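Everything below concerns the one structure shown next.
Treat the numbers as computed from the prediction; the structure is a model and nothing was measured. Numbered from 1 within each chain, the chains take letters A, B, ... in sequence-line order.
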There are 2 protein chains.
Amino acid sequence: MGITSHDVARLAGVSQPTVSRALRGDTRVSAATRAKVREAAAALNYVPSEAGRSLSTRSTRRIGVLVTDLTNPFYPHLIAPLHDELERLDHRMMLFTERTEAAVAADRLLDRSIDGVVLATVTLDSTLPEELRRRELPFVCLNREGGSPSSDAAVVDNRLGGEIAARELVRLGHRHIAGIFGPENTSTGRDRELGFRMALADAEIALRQAHTRHGPFEFETGAKALAELLETTPVPTAVFCGNDVIALGALDTAKRASVAVPDELTVIGFDDIPMASWAAFELTTIRHDMHEMARAAARLLVERISGSADSAEPRRVVLEPELIARGTHAPAAGN
Amino acid sequence: MGITSHDVARLAGVSQPTVSRALRGDTRVSAATRAKVREAAAALNYVPSEAGRSLSTRSTRRIGVLVTDLTNPFYPHLIAPLHDELERLDHRMMLFTERTEAAVAADRLLDRSIDGVVLATVTLDSTLPEELRRRELPFVCLNREGGSPSSDAAVVDNRLGGEIAARELVRLGHRHIAGIFGPENTSTGRDRELGFRMALADAEIALRQAHTRHGPFEFETGAKALAELLETTPVPTAVFCGNDVIALGALDTAKRASVAVPDELTVIGFDDIPMASWAAFELTTIRHDMHEMARAAARLLVERISGSADSAEPRRVVLEPELIARGTHAPAAGN
DNA sequence: GAATAATTTGCATACGTATACATAGGAGGT
DNA sequence: ACCTCCTATGTATACGTATGCAAATTATTC
């Protein structure tokens with residue numbers, strides 16, 4: 001079992017290298033031979049061995065994708081277009097949903113079974129980027145970025161997104177504003193918070209310590225944080241969430257606590273995942289083009305691998321966010 | 001660039017085969033040499049080439065996973081535990097979210113770059129299972145099953161699940177019952193419908209043609225189908241959905257149409273995905289252990305590959321479903 | 001102390017493909 | 001008719017690891 005190019009060669013009456021050349025469209029092989037080889041290959045159901053090819057070419061056309069948690073509703077919307085774009089560029093996707101880090105995880109990436117890596121959930125304090133750089137394995141950051149120094153990345157202008165959210169809340173007359181931000185060790189968490197804070201400061205509105213929460217980009221973060229925020233005085237009339245998933249958690253708590261949204265509480269998310277537009281939520285949020293971001297990451301990486309990247313310098317694709325007004329925002333009560 | 005076992009051998013002052021043996025814990029190598037080799041390997045940051053190893057051992061410890069659509073909220077809950085169990089069994093996951101079928105898709109599976117396949121979205125009329133069987137590539141069906149003849153599979157007793165849903169509706173006194181089923185060319189769609197119909201028939205309750213809809217296991221299916229069902233007379237007082245995602249779509253339409261759930265309309269889903277328990281939905285549904293199902297599939301496949309499967313006969317793991325009563329079901333109005 | 005057994009290591013090679021280089025054959029020019 | 005040049009193909013080998021078998025070393029036994 002296992003047809004090789006030698007078998008095809010024997011049947012076609014040519015040498016093995018000729019088979020290799022014929023099947024990959026090498027122009028130096030005559031049309032007649034090419035036809036003969038094609039026919040023999042088809043007759044034998046020949047499929048070239050990927051391992052043999054990899055060993056010889058030192059390239060696998062395989063990309064590793066690192067995500068911490070697939071069940072987070074956000075990531076599939078990144079993974080799916082990423083997969084499709086990689087496929088379009090004739091690459092396959094290997095999925096790693098690692099919880100372990102650096103050294104441990106690195107070994108499975110460094111066995112030359114992949115040509116490059118997409119880091120979709122890298123943290124600012126992760127040593128993985130420098131480890132990959134040291135081992136000269138090409139990689140690109142998607143959605144989040146690592147710490148210094150910068151690398152190829154496809155991201156959103158998160159700071160601007162935070163500012164947009166803040167300005168909208170200010171415009172609506174909110175004065176008691178809360179934030180349920182993402183983790184401080186992620187670029188998305190940090191930058192969205194930063195932009196939000198700066199825009200509030202510009203409007204001379206305070207974001208109290210008591211109205212600030214941080215946590216993973218998960219449903220439970222929003223659910224738990226809003227429950228706590230509802231216990232503070234004054235109760236905030238608006239809350240900006242680090243992403244939609246957190247916002248959905250907040251909405252969950254609001255519903256359970258019978259807090260009317262948006263009449264009593266304005267909620268703004270970030271990302272505009274499809275769920276945000278469901279009737280059950282009608283979440284006002286900051287949209288960006290997640291699909292394009294994923295596709296851009298795929299292209300950056302493949303170009304880097306193939307050496308067709310214009311320069312050795314890191315290249316960044318930065319997408320513009322915009323406000324999507326739905327049903328969870330309203331003017332502050334009493335305005 | 002690219003440290004090989006030869007480099008390690010040179011540094012340790014032994015032959016390349018000895019390096020191979022030492023690092024893989026072959027007992028025939030002395031403790032002293034093993035230590036020497038380990039040290040040299042560590043000093044050079046040696047990581048064995050996966051391609052070289054695959055070529056030699058004819059095994060990749062890589063598993064292909066086929067899913068049509070990752071953005072469907074159901075699948076990540078299958079993929080995540082599947083990944084983790086495969087990882088536990090020392091295998092890696094290659095993800096294929098193919099839309100193409102059979103011949104085209106098959107080639108990327110047949111280049112010996114994977115040792116086996118998990119089919120998570122196989123249809124009853126797919127020729128892929130027989131193609132894989134013919135090419136002797138081990139595979140297992142997860143959640144759904146293919147047509148004849150049966151293969152290794154980890155599935156739910158969908159027929160029983162359908163029956164449980166039907167009996168509950170009957171118990172609640174519903175007489176005008178509708179069904180938004182999944183695709184008829186999937187085992188899950190077919191069996192859930194079958195069990196549901198049979199239990200209704202036992203109770204001598206008709207399921208009218210006009211109250212029956214089919215479609216992909218997607219949000220839009222439920223949304224669109226319920227909109228249509230609300231136009232029928234008599235309007236159904238209860239609807240059983242092929243899975244939770246369809247049910248969420250139905251709830252979406254109900255909300256937009258101001259149909260009170262559960263007072264005016266009972267909705268029952270299938271799967272019990274985490275979202276079902278969110279306050280926005282509180283979906284009554286048929287639960288089964290998705291994580292265990294995924295893990296079982298991983299084990300079946302790896303055992304099949306390693307040849308440790310007890311027999312050549314197909315092996316099936318069938319999980320029991322149960323009713324999870326939440327907030328979307330109630331007695332029929334007027335009972 | 002010699003013969004034998006057991007242990008440890010090296011040698012040769014297989015795995016399947018791609019490619020640098022050599023070569024054979026044919027076309028074209030004068 | 002001879003030389004040149006190009007095209008098409010074959011030969012030899014590299015890629016990195018694992019393994020059957022032989023060889024060398026050490027331990028064991030009588």
Are V156(A) and V318(A) close enough, and set up right, to give a side chain to side chain contact (heavy atoms under 4.5 Å, CB included), and what steps lead you there? CA-CA 5 Å; V156(A) 178; V318(A) 181; over 6 Å; no
For the pair T97(A) and H83(B), evaluate side chain to side chain donor-acceptor pair (under 3.5 Å) and give the outcome as yes or no after the intermediate values. CA-CA 7 Å; T97(A) 68; H83(B) 175 281; 3.0 Å; yes
Show, in sequence, the C-alpha distance, side-chain angles and deciding distance for R133(A) and E130(A), and conclude whether the salt bridge (Lys or Arg N to Asp or Glu O under 4.0 Å) test is met. CA-CA 5 Å; R133(A) 210 182 319 259; E130(A) 56 185 87; over 6 Å; no
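V19(B) comes within 4.0 angstrom of no nucleic acid atom, judged by non-hydrogen atoms across all strands.
Taking the side chain as every heavy atom from C-beta outward, R295(A) and R88(A) never approach each other to under 4.5 Å. Put simply, the side chain of T186(A) reaches to within 4.5 Å of the side chain of F217(A), judged on heavy atoms. Side chains of R144(B) and T121(B) form a contact here, defined as non-hydrogen atoms less than 4.5 Å apart.
Counting to the nearest Å, the C1' atom of dA14(C) and the CZ atom of R53(B) are 17 Å from each other. The CG atom of L55(A) sits 8 Å away from the C1' atom of dT17(C) (whole-angstrom rounding). What separates CD1 of I3(B) from C1' of dT17(D) is a distance of 16 Å, to the nearest Å. Rounded to an integer number of Å, the gap from CZ of R10(A) to P of dT17(C) is 12 Å. Taking atom CG of L110(B) as the reference point, atom P of dG16(C) lies 15 Å away to the nearest angstrom. Regarding D26(B), its CG atom lies at a distance of 10 Å from the P atom of dG20(D), rounded to whole Å. Atom C1' of nucleotide dT19(D) and atom CZ of R58(B) are separated by 13 Å, given to the nearest angstrom. The CZ atom of R112(A) sits 7 Å away from the P atom of dG16(D) (whole-angstrom rounding).
Rotation axes derived from the C1' atoms of the five outermost pairs at either end of the helix from dG1(C)-dC30(D) to dT30(C)-dA1(D) lie 40° apart, to the nearest 10°.
Under a 3.5 Å cut-off, the side chain of S306(B) and the backbone N or O of V302(B) do form a donor-acceptor pair. Side-chain N or O atoms of D115(B) include none that pairs as donor or acceptor with a backbone N or O of S59(B) at under 3.5 Å.
Taken residue by residue, residues 31-50 of chain A places heavy atoms nearer than 4.0 Å to DNA chain C at Y46(A), P48(A), S49(A).
For the side-chain contact (heavy atoms from CB on, under 4.5 Å) with L78(A), the qualifying choice from V118(A), N143(A), V65(A) is N143(A), the only one to do so.
Other residues, nucleotides and ligands contribute more than 12 heavy atoms inside 6.0 Å of the CD atom of E292(B).
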Under-3.5 Å N/O pairs linking protein and nucleotides 19-28 of chain C:
residue : atom : partner : partner atom : Å
dT19(C) : OP2  : R24(A)  : NH2          : 3.1

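Between dT9(C) and S30(B), a contact under 4.0 Å exists linking OP1 or OP2 to a side-chain N or O.
R53(B) and E50(B) are not joined by a salt bridge, as no carboxylate oxygen comes within less than 4.0 angstrom of a charged side-chain nitrogen.
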